[in-house]
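Here the structure comes first, spelled out in structure tokens, and everything after it is commentary.
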Amino acid sequence: MKDDTLIRLLAVRKIYGRGPTAFEALKGIDLTIDGGEFVAIMGHSGSGKSTTMNILGCLDVPSGGSYRFLGVPVEQLSRDQRALLRRHYLGFVFQGFNLLARTTALENVELPLIYRGEPAAARRTAARAALDQVGLLGWEHHTPAELSGGQQQRVAIARAIVTRPAVLLADEPTGNLDSTTSREIMELIRTLNGDQGLTVLMVTHEAEMAAYARRVVNFVDGRVESDRRKEIV
Amino acid sequence: MLWNTLLLALRAIRRNLLRSFLTVLGIVIGVSAVITMVTLGNGATRSVSDQIASMGSNLLMVRPGQRFGPGSGGAPSFRIADVEAIRDQISLVAQVAPIANRMATVVYQANNWSTDVQGTTNDYFAAGNWNLVAGRSFTAAEERAGRTVCVIGQTVRENLFGGQNPVGSQIRIRQFSCEVIGLLHPKGQTAFGTDQDDVVVMPLRAVQRRLTGSQDIGRITVSVRDNESMDAARNQIELLLRERRNIAPGQDDDFRVMDTRQLAETLTSTTRTLTLLLGAVAAVSLMVGGIGIMNIMLVSVTERTREIGTRLAIGALERDVLLQFLIEAVVLASLGGLVGIALATAASWFLAGMMGVPYLFDPFINLVSFVFSAAIGVIFGFFPARRAAGLNPIDALRHE
């Protein structure tokens, strides 16, 4: 049976360590996410939201259960196959921006395209377009040190979307930003979701940020406690 | 893909210019040390072989006694009859010059100078590759009569006459005076460090009669017609002298025939060994430079853990990261090699000038050093690169 669902977690469990010190971070997660959704994953630290995010981002594999990405069982893929999956389908935004220091915004945004082996001219055009989308046209040649936190996160978002990924994974994208800048970044992410149908998965512990999402999944102690969808106004 | 990885590596190096330079400093010094040592060693070898060539080619030196160096050690000296026998009975020889010498003080006006006065024949000039800058050599009559005429070397001229032309002047040697009839072309030092130009050459009989007071001939210089006949000529001279000196079969020679070509080979092989030794010591510093690269690359991997995590997250394969760090190390090491070559060229050119040896550019050692430095990048870059590529992206991203 062909499964076209974007993301399907089935009874996913994750256990860290072995023996008596083993810790079960995820105790059976079932979650289905369709293309075009904007999902916020909430929870306190230790609730398993970061572990879930790592599994969804194909950075980690579940200890039990199954994760199907576009029907592909991720837990059966090799490390390099998962890297290729990330390269072609996923975009990452981190709390700490994770831009390359002393490297211009344009070169930072070009980075994923270099790994995809795109020619230089195409890289440049795509990187410029992505920077334009996040409102940073004219800042191409500034290095992270010359940019504000909000601008750095915009560069990071441009780097994540420059490959036109199927899913944007954002891990506490506003965690290092003040509230005004946080709202701007959330507006930007909402626009990317709304205008371009980009699927967004965001981990946050702030209710204010989660409010931008159309679906909020709440994690408590390694289980999904609630899964609410907002009606589109 | 390789090109892109190279691009990433170059960007990483450019981002850390100062540290990159410090990292490769070991390689720079190692490469330049190796090349400088080898280049100077080659120059020294060349200058030694040039000096030996200046003594004359195809030369055999016959001395009484078995000891190397001056003095006969009790063995009888040669007589003029020995010289004539060699000249007449061995067809392979071109010139045979007997030499009787004595240290003596020579005086001209207020200047005096202690030098080696050698009594010989005109064959001496031909065999020893001596040319005259001014004046003439001996006439047959002067040789026969043992007239007090002399040809002097450049060092003697400088000490007695300064810049003046000495030809025609009278100098005093011990109690007799002597007319300077010629001036030798300068040759410089021998490979042993003695000054070949510090010499006064007189007819053999004059020296025997007025300085040594005997018929003895201290040594005989023989020049052989061609290079191929050296060994044959040497054997024939040995046989002839054994017979003339009544040495029974089985008894050791009480004289020695030395070959300048052998001397040249011995000396150049000595300098070559020395060059090799110095080069090897320098190569050790190159290895140390490689360890420096590994050290800094390991630090760099730790420091850039988050960067590596980010790269892995956005889709870099293990291979990409491995290649990036490996190429970074190789590019660093190769750049270090290039800088080292430039430095070595300047240093060895300068030092060669200071040491008075010729500067000989050796493309082989330059190429080898460059390839070797790149290889060091591969060898010492591999371990840090493997460590970087093997990082778990989640841990790497969380790394502070």
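Values below: all heavy atoms of this structure, side chains included; hydrogens, waters and symmetry mates excluded.
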Which value, rounded to the nearest 0.5 Å, describes the distance between [X] atom [atom1] and [Y] atom [atom2]?
X      : Y      : atom1 : atom2 : answer
B:I314 : A:R86  : CD1   : CZ    : 10.0 Å
B:Q324 : A:Y115 : CD    : OH    : 5.0 Å
B:R306 : A:L99  : CZ    : CG    : 10.0 Å
A:L84  : B:L317 : CG    : CG    : 5.0 Å

**Cationic N near anionic O, under 4.0 Å, B:D320 to A:R87** =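 So B:D320 pairs with A:R87 through a salt bridge.
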
Decide if atom [atom1] of [X] counts as having more than 12 heavy atoms of other residues, nucleotides or ligands within a radius under 6.0 Å.
X      : atom1 : answer
A:R102 : CZ    : yes
B:F21  : CZ    : no
B:F350 : CZ    : no

Counting only heavy atoms closer than 4.5 Å, note whether [X] contacts chain B via side chain, backbone, both or neither.
X      : value
A:R79  : side chain
A:E107 : both
A:R159 : side chain
A:N98  : both

**Prompt:** Taking A:A101, A:S50, A:A120, A:P165 one by one, which has the highest count of heavy-atom pairs under 4.5 Å against chain B?
**Reply:**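 It is A:A101.
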
**Prompt:** Where does B:R14 contact chain A at under 4.5 Å (heavy atoms): side chain, backbone, both or neither?
**Reply:**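 Side chain of B:R14 only, per the 4.5 Å heavy-atom cut-off to chain A.
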
**Request:** Using non-hydrogen atoms and a 4.5 Å limit, figure out which bit of B:A396 sits close to chain A: side chain, backbone, both or neither.
**Result:**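 For B:A396, no heavy atom lies under 4.5 Å from chain A.
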
**Request:** Using the side chain to side chain contact (heavy atoms under 4.5 Å, CB included) rule, pick out the option among B:D395, B:N392, B:I394 that qualifies with A:L59.
**Result:**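 So, applying the side chain to side chain contact (heavy atoms under 4.5 Å, CB included) to A:L59 and each of B:D395, B:N392, B:I394, only B:I394 qualifies.
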
**Nearest heavy-atom neighbours spanning A:A83 and B:A316** =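 Minimum heavy-atom contact is CB-O, 3.8 Å.
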
**Asked** Under 4.5 Å between any side-chain heavy atoms of A:L100 and B:R311, yes or no?
**Response**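 Counting from C-beta outward, A:L100 and B:R311 do come under 4.5 Å.
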
